[in-house]
Number of protein chains: 2
Amino acid sequence: MVTAGEQTQSQDSREEILKAAIRLFASRGFHETSMSEVAREAKVSKALIFWHFKTKEELFLAVLDKLLEPYVIDFAEESEKLDAREQIRKLVNGYVNFVRENGSSVSFFLRRFMSGEEMPESFTQQIRRLYDLYQALLTDRIRLAQEQGLCSRSTQPHVMANFVMAALNGLLINLLFMSQEPGNLDSALTMLYGLLFGQLSDPAADAGPPSN
Amino acid sequence: MVTAGEQTQSQDSREEILKAAIRLFASRGFHETSMSEVAREAKVSKALIFWHFKTKEELFLAVLDKLLEPYVIDFAEESEKLDAREQIRKLVNGYVNFVRENGSSVSFFLRRFMSGEEMPESFTQQIRRLYDLYQALLTDRIRLAQEQGLCSRSTQPHVMANFVMAALNGLLINLLFMSQEPGNLDSALTMLYGLLFGQLSDPAADAGPPSN
DNA sequence: CCCATCCCTAACCTGTCGGTCAATGATGAC
DNA sequence: GTCATCATTGACCGACAGGTTAGGGATGGG
């Protein structure tokens with residue numbers, strides 16, 4: 001009898017196979033990885049893989065599912081109490097840190113996304129939804145910061161957010177794929193913040209609300 | 001007898017094969033494209049491909065060679081006469097236009113580059129060299145513009161150039177892979193120029209050289 | 001003890017891959 | 001005409017891919 005919290009043999013081996021597949025798919029891609037290789041890497045027979053997963057495709061979907069688990073936007077309630085500028089900082093840092101911590105899966109998805117290889121619609125949509133949500137959050141906070149006179153009003157919030165995210169993406173690609181020293185990212189982030197909050201040269205026409 | 005400028009049958013078919021291979025490799029990748037498919041696409045027998053190119057790898061190298069042809073930095077002599085700010089504009093526009101015009105090969109290289117699949121060292125180096133040259137050019141012009149008081153001095157030129165290129169890359173990826181409306185790129189470029197030349201709020205301490 | 005169910009494997013099947021080969025038009029030199 | 005070289009082909013090959021199958025140990029209920 002299987003009681004909760006206990007691992008059956010089957011679950012164990014399934015887990016091993018998944019971990020091996022993640023390693024191989026992520027580092028060499030879907031087509032370049034054979035089921036025999038996955039079997040060897042997981043130290044099980046090839047047939048066992050097909051016992052757990054009907055097809056190679058199904059194994060791949062399970063891998064995607066597993067990789068997608070940490071993809072959530074963690075923007076806690078408490079953020080509401082922060083000043084708009086700090087909220088933006090938190091968003092940006094969250095983005096950067098997430099990519100730093102999940103580099104391998106991020107580049108995996110990025111690669112697949114770029115190569116236009118089919119991923120089930122639901123996955124691309126799920127990622128896309130997160131991305132759009134993040135951008136909306138950022139846009140909103142920029143608008144807020146502008147209204148409070150903490151941020152240059154010279155550009156519309158959504159344009160600004162779009163630009164900021166493009167810049168972040170470019171910088172993170174430098175980090176992930178061109179193995180730039182992290183120091184470069186830091187100084188670039190400083191620049192980005194300068195762009196967002198820096199010399200507010202345009203006179204704030206109507207006074208911003210009192211800071212609380 | 002084969003005279004110069006004349007195409008032998010052999011060269012014709014070679015060209016057809018190359019064009020077919022470019023189409024397939026670029027749209028579906030190396031491993032996902034079979035020689036039989038290339039043969040079908042080029043309307044020749046598979047054996048003929050192996051008569052022209054010893055191996056699939058060699059065909060791939062020929063494809064890379066062909067794709068790399070337009071990769072040159074066209075920064076003409078006459079640019080020297082332009083004001084530093086205009087030179088920067090010209091560099092940035094050149095970059096953007098190049099990617100716009102060579103979208104398919106750019107994304108092809110980008111994908112390969114990211115996936116870490118082996119490309120012969122010489123190719124990655126060649127692209128890398130161009131990229132670095134471009135960045136050096138940009139850095140230099142930014143320094144010049146700073147000296148002439150045309151550009152904010154708040155950041156070191158190489159940091160600024162690095163940031164500008166990251167932003168450009170991010171924006172161009174939006175354009176290439178997320179099929180964003182080009183209008184987004186334009187307004188983002190306006191922002192970028194604003195960042196570079198915009199409100200020069202910091203007082204130019206020592207007077208710039210007279211503009212000529 | 002026996003039997004059903006669950007895990008798991010070695011061996012096998014079939015299709016496709018990159019690559020080869022013998023044969024055969026075309027083409028021009030002599 | 002004939003002969004060598006070039007350009008091209010269909011048929012073929014071994015290797016390996018994804019996937020199947022028949023069966024063997026373990027395990028627990030009756």
Side-chain angles (χ1 to χ4, degrees), chain A residues 1-64 112 115 117-120, chain B residues 1-64 112 115 117-120:
Chain A
M1 183 81 198
V2 182
T3 63
E6 199 179 312
Q7 293 277 16
T8 64
Q9 289 174 40
S10 155
Q11 281 167 337
D12 266 358
S13 66
R14 197 191 137 96
E15 217 52 34
E16 282 310 308
I17 291 168
L18 262 180
K19 285 193 323 207
I22 286 179
R23 257 171 284 152
L24 292 175
F25 283 155
S27 74
R28 310 156 41 102
F30 180 71
H31 292 286
E32 295 73 22
T33 303
S34 77
M35 296 301 262
S36 313
E37 285 173 306
V38 176
R40 203 178 313 129
E41 177 89 7
K43 295 190 184 99
V44 297
S45 71
K46 191 172 57 155
L48 183 58
I49 304 184
F50 284 99
W51 187 82
H52 282 294
F53 308 92
K54 264 198 278 289
T55 64
K56 190 183 183 186
E57 194 66 24
E58 192 178 305
L59 171 61
F60 182 63
L61 294 189
V63 165
L64 288 188
R112 279 203 80 76
S115 64
E117 298 183 79
E118 304 95 30
M119 284 202 286
Chain B
M1 185 75 200
V2 182
T3 62
E6 199 177 314
Q7 293 278 17
T8 64
Q9 287 174 41
S10 156
Q11 280 168 336
D12 265 359
S13 67
R14 196 190 139 96
E15 217 49 35
E16 282 310 308
I17 292 167
L18 262 180
K19 286 194 319 206
I22 286 178
R23 255 171 286 153
L24 292 175
F25 283 156
S27 74
R28 310 158 40 105
F30 180 70
H31 291 286
E32 294 74 23
T33 303
S34 77
M35 294 302 260
S36 313
E37 286 174 306
V38 176
R40 203 178 316 130
E41 177 89 7
K43 296 191 183 98
V44 296
S45 70
K46 191 173 60 157
L48 183 58
I49 304 184
F50 282 97
W51 187 83
H52 281 294
F53 308 93
K54 265 200 276 289
T55 64
K56 189 185 183 185
E57 194 66 24
E58 192 178 304
L59 172 61
F60 181 63
L61 294 189
V63 165
L64 288 187
R112 279 204 80 75
S115 66
E117 298 183 81
E118 305 94 30
M119 285 201 286

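Note that this is a predicted model, so its numbers are computed, not measured. Labels below follow one simple rule: chain letters A, B, ... track the order of the sequence lines, proteins then strands, and each chain is numbered from 1.
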Choosing from C/dG19, C/dC8, D/dG18, which nucleotide comes nearest the side chain of A/Ser45?
-> C/dC8

If you round to the nearest 0.5 Å, how far is CH2 of A/Trp51 from OG of A/Ser45?
-> 11.5 Å

Enter the distance from A/Arg14:CZ to A/Lys19:NZ here, rounded to the nearest 0.5 Å.
-> 13.5 Å

Using atom CD of A/Glu16 as one end and atom P of C/dT9 as the other, report the distance to the nearest whole Å.
-> 12 Å

Taking only residues two or more places apart in sequence, or in another chain, which ones meet B/Lys56 in a side chain to side chain contact (heavy atoms under 4.5 Å, CB included)?
-> B/Phe25, B/Phe30, B/Met35

Please state how far atom CZ in B/Phe30 lies from atom P in C/dC17, giving the value in whole angstrom units.
-> 13 Å

Distance (rounded to the nearest 0.5 Å) between B/Leu48 CG and B/Ile17 CD1 | 4.5 Å

Rounded to whole angstrom units, what separation is found between the CD1 atom of B/Ile49 and the P atom of C/dT20?
-> 13 Å

If you round to the nearest 0.5 Å, how far is CZ of B/Arg23 from CD of B/Glu41?
-> 4.5 Å

Presence of B/Ser13 side-chain N/O under 4.0 Å of D/dT8 phosphate oxygens OP1/OP2 = yes

For A/Leu48 and C/dT9, what is the distance between atoms CG and P respectively, to the nearest whole Å?
-> 5 Å

Whole-Å gap separating C1' (C/dG19) and CG (B/Leu59) = 13 Å

So which nucleotide from D/dT8, D/dT9, D/dG18 ends up closest to the side chain of B/Val44?
-> D/dT9

Measure the distance from CD on B/Glu32 to C1' on C/dG18 and round it to the nearest whole Å.
-> 15 Å

For nucleotides 11-16 of chain C, 5' to 3', base contacts (B), sugar-phosphate-only contacts (S) and non-contacts (-) with protein non-hydrogen atoms under 4.0 Å give ------

Nearest to the side chain of A/Phe50 - C/dG18, D/dG18, C/dC7?
-> D/dG18

Rounded to whole Å, the CD-P distance (B/Glu58 to C/dG19) equals 10 Å

Does A/His52 have a side-chain nitrogen or oxygen under 4.0 Å from the phosphate oxygens OP1 or OP2 of C/dC8?
-> yes

Residue list, side chain to side chain contact (heavy atoms under 4.5 Å, CB included) with A/Glu37, at least two apart or on another chain = A/Leu24, A/Arg28, A/Thr33, A/Ser34, A/Arg40

State, with a plain yes or no, whether a side-chain heavy atom of B/Glu16 is found less than 4.5 Å away from one of B/Val44.
-> no

Calculate the interatomic distance between B/Phe53 atom CZ and D/dT8 atom P; express it in whole Å.
-> 12 Å

